[in-house]
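Heads up, the thing below is written out as structure tokens.
Whatever order the structure lists ligands and atoms in, that order sets their numbers, starting from 1.
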Amino acid sequence: MRSVSELRKDIVSGDWVVIATGRKRRPHDFAVNKKHTSTKAQRVLCPFEKLHGEASYVILKNGETHQPSAKNTLLLEKEWAVQVIPNKYPAFGHGRCAVVFNQGPYQLQDGAGFHDVVVTREHDRPLALMSVSNIFSVLYAYRHRYQQLKDDDCVKYVSIFHNHGAEAGASITHPHSQIVAIPVVPPEVERSIKGSDRYFAKEKKCVHCVMIAFELKEKKRLVYENDDFVVFAPFASRTAFEVRIFPKKHSPMFEAIHNDQIKSFADTIKEALSKLYTGLGNPSYNFFIHTSPAFYVKTFEHYHWHLEIIPKTAIWAGFELGTDINISTITPEAAAAFLRTL
Ligand SMILES: [Zn+2]
Ligand SMILES: [Zn+2]
């Protein structure tokens, strides 16, 4: 069986890229299509309105969790609040893992892994407008699926992310997050881990803990905090209104989060997203979790997992793409001060 995608290694930078052809097959499909569908039509055509036949995990409105079976279908159909389903157009799927092939001077491997979607029930209710308990269920589903996927031998990293709005790449308006398990460590995460290790070797401290302590003390870039988590605009923000959420207590692994912490985490996500929703008028945004790679034997004790929210306040153009240097048009101090007032 052919794999759904392949990973190709850039011979110069050493970074992997994915060639996934499942969604767009023919070159002419890439022509820019400006056709817009009305909100009403989107809803009628929405693939996420019902309980999916292949849902692997369901959380009900009352918080109960279920593995779907022939026996509980009726209950789940009526009461589902969150469902985890396989992506119809996966970027990663079946394939041989950890086998690298050569093609002339190049290297490639199968895009072996998993690609799931976490869907919430209401079509018109983005995360920013959800209750904290509903966001709790979404995070609970993230952790549940993460713990299953990291045990797979092929999986080196599990990426959890959420796209909101067309400008942020959400092709379906119905709120949903994605969980992609991949057979390589992403370059961005590898760079962060190396940076954290470098800082620790020199200072004998976690660089993220140092940053969190300073932000909590200085308060200039602080957006919100509760007992367990802190939300702030990073000192070197890559884009206007970038915000990050960190657990206050040092922890390298997202999946080690316990239920009380999930509650606090949900509270900070609700605060951060609703401040951006109010302050910027429901902007498109991406958020993702950065956490340690999923290895059995190796731990990444100097890494500190967190969530990054990047509102689409600007388009990354030639300079950004050509230099990997991003331009933010407001200081993080001014952005945080504005968000604190909301
Ligand atoms: Zn929908
Ligand atoms: Zn730390």
Side-chain angles (χ1 to χ4, degrees), residues 36-55 58 61 76-85 87-89 117-130 134 137-138 162-166 168-178 189 191-217 225 227-232 234-235 244-258 261 264-265 268 282 289-293 299-308:
H36 284 289
T37 334
S38 72
T39 320
K40 209 173 152 195
Q42 275 171 5
R43 189 170 181 152
V44 172
L45 299 168
C46 178
F48 296 153
E49 291 299 299
K50 294 199 172 92
L51 182 73
H52 192 280
E54 287 175 70
V58 174
K61 290 171 189 166
L76 302 195
E77 272 173 0
K78 205 164 150 253
E79 296 295 325
W80 74 273
V82 177
Q83 55 172 324
V84 181
I85 64 178
N87 192 307
K88 199 178 169 193
Y89 302 104
V117 186
V118 178
V119 183
T120 44
R121 182 157 192 149
E122 286 180 69
H123 185 93
D124 295 316
R125 192 180 294 278
L127 279 170
L129 303 181
M130 277 179 205
N134 209 174
S137 293
V138 172
H162 184 93
N163 304 331
H164 171 78
S171 48
I172 294 168
T173 50
H174 192 119
H176 64 285
S177 309
Q178 300 182 57
V189 173
R191 261 194 297 274
S192 297
I193 286 171
K194 278 193 182 139
S196 306
D197 285 347
R198 217 167 26 236
Y199 191 91
F200 191 88
K202 216 171 139 215
E203 309 287 342
K204 300 283 170 275
K205 282 177 195 153
C206 162
V207 65
H208 304 95
C209 286
V210 168
M211 182 163 61
I212 292 162
F214 186 72
E215 296 303 337
L216 284 169
K217 191 173 128 235
E225 66 169 312
D227 287 349
D228 303 310
F229 286 83
V230 55
V231 185
F232 61 87
F235 177 76
R244 294 189 190 168
I245 304 179
F246 279 82
K248 286 181 176 175
K249 203 166 154 239
H250 182 78
S251 166
M253 294 178 298
F254 159 71
E255 73 271 24
I257 190 172
H258 57 68
Q261 291 169 319
S264 293
F265 188 28
T268 49
N282 189 18
I289 291 174
H290 267 170
T291 185
S292 293
T299 54
F300 301 86
E301 54 199 294
H302 311 315
Y303 198 55
H304 193 131
W305 79 266
H306 58 273
L307 181 130
E308 303 186 13

**OP:** Can you establish whether the number of heavy atoms outside E203 located under 6.0 Å from its atom CD is more than 12?
**Re:** yes

Original post:
Under the salt bridge (Lys or Arg N to Asp or Glu O under 4.0 Å) test, which residues partner K204, sequence neighbours left out?
Top reply: none

Original post:
S137 side chain to V82 main-chain N or O, any donor-acceptor pair under 3.5 Å?
Top reply: no

Original post:
Hey, what do you get for CZ (R125) to NE2 (H174), rounding to the nearest 0.5 Å?
Top reply: 11.5 Å

Original post:
Can you check whether H162's main-chain N or O pairs, donor with acceptor, with H164's side chain at less than 3.5 Å?
Top reply: no

Subject >> Listed protein N/O/S atoms, distance to the Zn ion (ligand 1) under 2.8 Å >> reply: C46 SG, E49 OE2, H123 ND1, H174 ND1

Original post:
For the side chain of E215 and the backbone of I212, is there at least one donor-acceptor N/O pair under 3.5 Å apart?
Top reply: no

**OP:** State whether the number of non-hydrogen atoms from other residues, nucleotides or ligands found under 6.0 Å of K61 atom NZ is greater than 12.
**Re:** yes

**OP:** Over 60° means perpendicular and under 30° means parallel, so classify the ring planes of H306 and F246, tilted if in between.
**Re:** parallel

**OP:** Identify, with sequence neighbours excluded, every residue that meets salt bridge (Lys or Arg N to Asp or Glu O under 4.0 Å) alongside E225.
**Re:** K248

Subject >> 2.8 Å cut-off (strict), protein N, O or S atoms about the Zn ion (ligand 2) >> reply: 4

